[in-house]
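These notes concern the structure reproduced below.
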Amino acid sequence: MTNLLVWPVLVPLLGGLATLLAPRLANPLGLACSLATLGAAAALVVVFADQGPMILALGGWAPGLGIALRADGLSVALLAMSSLVGLAAGVYATGYFADPDVRGRFWSLWLLLSAALHALLLSGDLFNLYVTLELLALVAVALTALGGGRAALEAALRYLTIGLLGSLVFLLGVTLLYAGYGTLDLVGLAGALRPEPVAWVALSLLTVGLLIKSALFPLHFWLPPAHANAPAPVSAVLSALVVKAAFYMVLRLWFDVFDPALTQAAANLLGVLGGAAVLWGSWRALRAERLKLLAAYSTVAQLGYLFMFLPLLLALPPGPSRDVAFGALVLLALSHGFAKSALFLGAGVIQQRAGHDRIADLGGTARALPVTTFVLALAGVALIGLPPSGTFLAKWQLLASAIETGQWLWLPIVGIGTLLAGAYCFRVLGHAFGPSDRVGAALAVGGEEIPALLLAITATVVLGLGAAGLWEFLALGTAFDGGSR
Amino acid sequence: MLPEYIVFGLTGIGLFVIGLRAALVQAAALARILAINVAGTGIFLVFVTLAYRGHDAAPDPVPHALVLTGIVVAVSATALALALVRRLPATPGEDGDD
């Protein structure tokens with residue numbers, strides 16, 4: 001049943017083309033495709049839980065000459081999150097864009113983004129990864145510019161040029177690997193790789209390219225303007241999913257392909273940059289004047305936590321203790337994806353109802369938009385890492401692994417970062433519960449608030465309470481080490 | 001005299017470095033886009049050189065296929081960047097209206 005692997009890519013791809021041809025039907029077509037994509041992802045989850053890793057040689061060409069699609073626990077988990085977040089953001093977007101032209105363009109771009117992202121998650125070939133990463137970036141840039149304002153266009157152009165530089169550096173790394181080993185299939189590379197200069201230089205180039213794309217401090221500068229100026233449903237998707245794609249590739253390359261060539265010093269460097277991202281991103285989020293800018297800087301900080309896992313993973317011996325830390329890393333990425341998309345959708349509701357998203361002027365929001373305020377609070381719980389959110393468990397494991405490996409540096413960073421996250425979340429809530437000079441705000445639940453609410457509940461309650469299943473899911477084996485069929 | 005493929009490879013790396021430097025240094029958007037294209041061409045040249053397997057042997061087809069794909073990606077990206085650059089001066093500062 002490995003043909004299942006093509007559907008999460010094919011359905012949104014065809015849907016994107018269909019909405020391009022029939023922009024008037026964009027809403028029903030887009031929603032139907034998002035639902036079908038979710039169905040395909042759910043089928044993949046069920047079959048994967050039953051049968052383990054899956055490999056599909058496209059067109060029957062064996063990997064090496066042909067391109068293989070592969071699915072393991074990590075890619076299937078991220079794919080499931082992407083389809084859920086995508087459906088929620090899509091449902092929200094049906095009411096967000098008033099102009100039918102913009103709505104049509106949103107849907108076709110958004111479905112193409114989903115196709116590119118899913119193809120990236122399932123790629124088993126380094127050049128295919130490059131193409132899908134580039135496709136993802138191009139669509140993300142177009143979505144960023146969708147608002148049409150000058151700030152959005154400037155942010156989109158900067159996002160594009162920085163992203164292109166990143167992918168060129170990445171491509172040079174790909175070239176070196178092909179020169180050194182004569183294959184770009186990930187499993188083939190993993191088998192051929194030796195700890196030697198060509199591997200080290202290639203790994204450095206690939207990693208630097210991906211760090212630009214995943215906005216690791218100090219290469220994060222393009223992210224806040226791009227994410228803060230995009231339309232709210234787009235920001236949700238960019239922050240929750242697109243930056244994670246580059247991080248996913250770092251994980252995939254480091255631990256499945258380059259494992260023999262890794263050094264603790266390189267991992268420590270990324271961990272220190274991650275720690276700096278946590279501190280700097282949280283501080284800037286605390287100082288942000290607009291809710292969406294706060295959310296964007298919070299993404300910079302949360303990506304920092306993900307990178308802080310790398311030195312821990314490398315220091316832990318392969319086996320149960322590394323698997324536990326790896327599960328915590330995936331849990332953190334998933335929780336952040338759901339929480340941050342909920343936060344951006346909530347910010348979008350406030351921006352449309354109140355006409356602005358200035359944090360200092362949020363007074364009265366709690367009375368006028370109680371559900372959205374609840375969403376902000378729930379998303380805050382997951383961003384800070386309070387129980388029962390998945391982030392709580394993940395940070396707990398991060399601290400436990402840091403103690404186990406004796407890497408004490410991460411303890412104060414997690415502590416300070418968590419306090420800062422608490423400060424910026426409570427700052428928003430403090431203003432939201434403040435008094436308002438406007439009288440007569442209606443107490444009502446709008447339909448547009450529901451997707452954000454469901455996302456926030458998933459991040460805070462579902463992932464926290466259902467986290468044990470994730471570790472079992474990830475333990476089902478990998479399709480990327482060449483050992484499994 | 002260096003073998004031809006070394007000359008081609010070094011030229012490619014050189015183009016990449018020149019393009020990268022210009023992309024980081026230049027402030028004008030158009031100059032930056034051109035610089036990125038120069039850097040990309042450098043990488044494609046390295047790729048094409050990798051296909052060389054001696055005067056008598058047929059070249060390795062895989063790098064050629066990769067370069068074709070890479071060119072398609074580069075052209076699309078350049079088109080998108082140019083479209084954004086063209087839209088910028090016509091867009092007013094605050095609101096999103098044309």
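Labels below follow one simple rule: chain letters A, B, ... track the order of the sequence lines, proteins then strands, and each chain is numbered from 1.
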Contact between [X] and [Y] at the side-chain level, heavy atoms closer than 4.5 Å - yes or no?
| X | Y | value |
| --- | --- | --- |
| B/F16 | A/V169 | yes |
| A/Y130 | B/T69 | no |
| A/F127 | B/V62 | no |

How long is the straight-line distance from [atom2] of [Y] back to [atom1] of [X], given to the nearest 0.5 Å?
| X | Y | atom1 | atom2 | result |
| --- | --- | --- | --- | --- |
| A/L160 | B/L82 | CG | CG | 9.5 Å |
| B/L66 | A/Y178 | CG | OH | 7.0 Å |
| B/N37 | A/L164 | CG | CG | 8.5 Å |

Problem set entry | Side-chain donor/acceptor of B/R32 to backbone N/O of A/T161, under 3.5 Å |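 No.
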Exercise. Relative to chain B, which of A/V131, A/L172, A/L176 shows the most heavy atom pairs under 4.5 Å?
Worked result: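 Of A/V131, A/L172, A/L176, A/L172 has the most heavy-atom pairs under 4.5 Å with chain B.
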Problem set entry | Among the listed options A/V174, A/L135, A/L138, A/V141, the residue most often paired with chain B at heavy-atom distances under 4.5 Å |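 Result: the option with the highest number of such pairs is A/L138.
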Chain A interface, residue from [options] that has the most non-hydrogen pairs under 4.5 Å:
| options | value |
| --- | --- |
| B/V85, B/L88, B/V46 | B/L88 |
| B/A39, B/A29, B/P63 | B/P63 |
| B/A74, B/A23, B/A81 | B/A81 |

Looking at [X], I want to see if its [atom1] is surrounded by more than 12 non-hydrogen atoms of other residues, nucleotides or ligands under 6.0 Å.
| X | atom1 | result |
| --- | --- | --- |
| B/Y5 | OH | no |
| A/E289 | CD | no |
| B/R53 | CZ | yes |
| B/F8 | CZ | no |

For this session: Answer with side chain, backbone, both or neither: which region of A/L157 has an atom nearer than 4.5 Å to a non-hydrogen atom of chain B?
Result: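 It is both, since atoms from each part get that close.
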Problem set entry | Structural part of B/L50 lying under 4.5 Å from a heavy atom of chain A |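 Interface part for B/L50: side chain.
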Exercise. What closest approach, in Å, do B/I43 and A/L168 show between heavy atoms, and which atom pair accounts for it?
Worked result: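 So the minimum-distance heavy-atom pair works out to CD1-O, 3.1 Å.
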